[in-house]
Amino acid sequence: DAGVIQSPRHEVTEMGQEVTLRCKPISGHNSLFWYRQTMMRGLELLIYFNNNVPIDDSGMPEDRFSAKMPNASFSTLKIQPSEPRDSAVYFCASRQGGNQPQHFGDGTRLSIL
Amino acid sequence: EDQVTQSPEALRLQEGESSSLNCSYTVSGLRGLFWYRQDPGKGPEFLFTLYSAGEEKEKERLKATLTKKESFLHITAPKPEDSATYLCAVQGPAGGYNKLIFGAGTRLAVHP
């Protein structure tokens, strides 16, 4: 079975540009999570969805960040406008049920110049 | 506040030299403790879930154990391919079944 698929794997862009990260969860999984990983703060949950509905976005750093899940097989995380401090690795994870483990994609390494 | 502390930060072992990684946690009502392995440039890969004190899980050279305050990941006779960062995460009632709180990880290097 295919795992969680993220694109692009790497993104380099200039400050102020819009950035869109994409995620395809594992088929049949009903929860989706977006994380950010940095050396300083480790893995932090940004937002999660249950059955395509955003449940908790308290981890989203500010209004420049937004996430959508238009259907069960696709989600986006958008940063507009981007800033250098947004540079990090962004991971998407999905899960089948309440106490099941989350399965992660290989991430998008984002660099904002 | 739910908290996870992993130690040591980094560990260097010779091939075949067994050791243990520690994960101490503070959570009001544990709903699962998860161990992941992360290789450079990759996402965390799920290893184990533990739910209650006294529970143990094994997979090849790895064995995870759980008490009411901490979990250990024992590595028996490690090989160079076991080199990775090992992450521990807890799931508690603050986030229900939905929020994992991760530790900073232990970077393991196994040398031949």
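Every chain is numbered from 1, with letters handed out A, B, ... down the list of sequences. Just so we're clear, the structure is a prediction, and the values are computed from it rather than from any experiment. No hydrogens, no waters, no symmetry mates; every other heavy atom, side chains included, goes into these values.
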**Q** Just verifying a value: how many Å separate A/Tyr35 OH and B/Phe102 CZ, rounded to the nearest 0.5 Å?
**A** 5.0 Å
**Q** Can you list everything that forms a side chain to side chain donor-acceptor pair (under 3.5 Å) with A/Ser73? Sequence neighbours excluded, please.
**A**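 With neighbours one apart ignored, the set is A/Asn71.
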**Q** Picking from B/Gly103, B/Ala104, B/Gly41, B/Pro44, which has the most non-hydrogen pairs under 4.5 angstrom with chain A?
**A** B/Pro44
**Q** Does any backbone or side-chain atom of B/Glu45 lie under 4.5 Å from a heavy atom of chain A? Answer side chain, backbone, both or neither.
**A**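 Contact with chain A: none, neither part.
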**Q** Going hydrophobic residue to hydrophobic residue with side-chain gaps under 4.5 angstrom, can you get from A/Leu77 over to A/Val12?
**A** no
**Q** Treating Ile, Leu, Val, Met, Phe, Trp and Tyr as nodes and any side-chain heavy-atom pair under 4.5 angstrom as an edge, say whether B/Leu50 and B/Phe72 lie in one connected cluster.
**A** no
**Q** Crowded around B/Lys57 NZ? As in, over 12 foreign heavy atoms under 6.0 Å?
**A** yes
**Q** CZ of B/Phe46 to CD of A/Gln100: how many Å apart, nearest 0.5 Å?
**A**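 One gets 8.5 Å once the value is rounded to the nearest 0.5 Å.
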**Q** Take a 6.0 Å sphere around CD of A/Glu62 and say whether it holds more than 12 heavy atoms from other residues, nucleotides or ligands.
**A**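 Above 12, so yes.
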**Q** Other residues, nucleotides and ligands only: do more than 12 of their heavy atoms fall within 6.0 Å of CD on A/Glu14?
**A**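 Result for CD/A/Glu14: open.
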**Q** Return the minimal non-hydrogen interatomic distance between A/Asp106 and B/Gly43, and the atom names on each side.
**A** OD1-N, 3.1 Å
**Q** Is it the side chain or the backbone of B/Tyr36 that comes within 4.5 Å of chain A heavy atoms, both, or neither?
**A** side chain
**Q** Pick from A/Leu45, A/Val4, A/Val89: which one has the most heavy-atom pairs with chain B under 4.5 Å?
**A**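 The answer is A/Leu45.
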**Q** Can you say whether A/Leu43 sits under 4.5 Å from chain B via the side chain, the backbone, both, or neither, judging by heavy atoms?
**A** both
**Q** Chain B heavy atoms under 4.5 Å from A/Arg41: which part of the residue, side chain, backbone, both or neither?
**A**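 Answer is neither: A/Arg41 stays 4.5 Å or more from chain B.
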**Q** Roughly how far apart are B/Leu100 CG and A/Glu44 CD, rounded to 0.5 Å?
**A**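 One finds 14.0 Å between CG of B/Leu100 and CD of A/Glu44.
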**Q** Could you report the tightest heavy-atom contact between A/Ser58 and B/Lys99, atom names first, then the distance?
**A**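 The pair with the smallest heavy-atom distance is OG-NZ, 4.4 Å.
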**Q** Counting only heavy atoms from other residues, nucleotides and ligands, does the tally under 6.0 Å from CZ of B/Arg107 exceed 12?
**A** no
**Q** Inspect the surroundings of CZ in B/Arg12 and state if more than 12 heavy atoms from other residues, nucleotides or ligands are less than 6.0 Å away.
**A** no
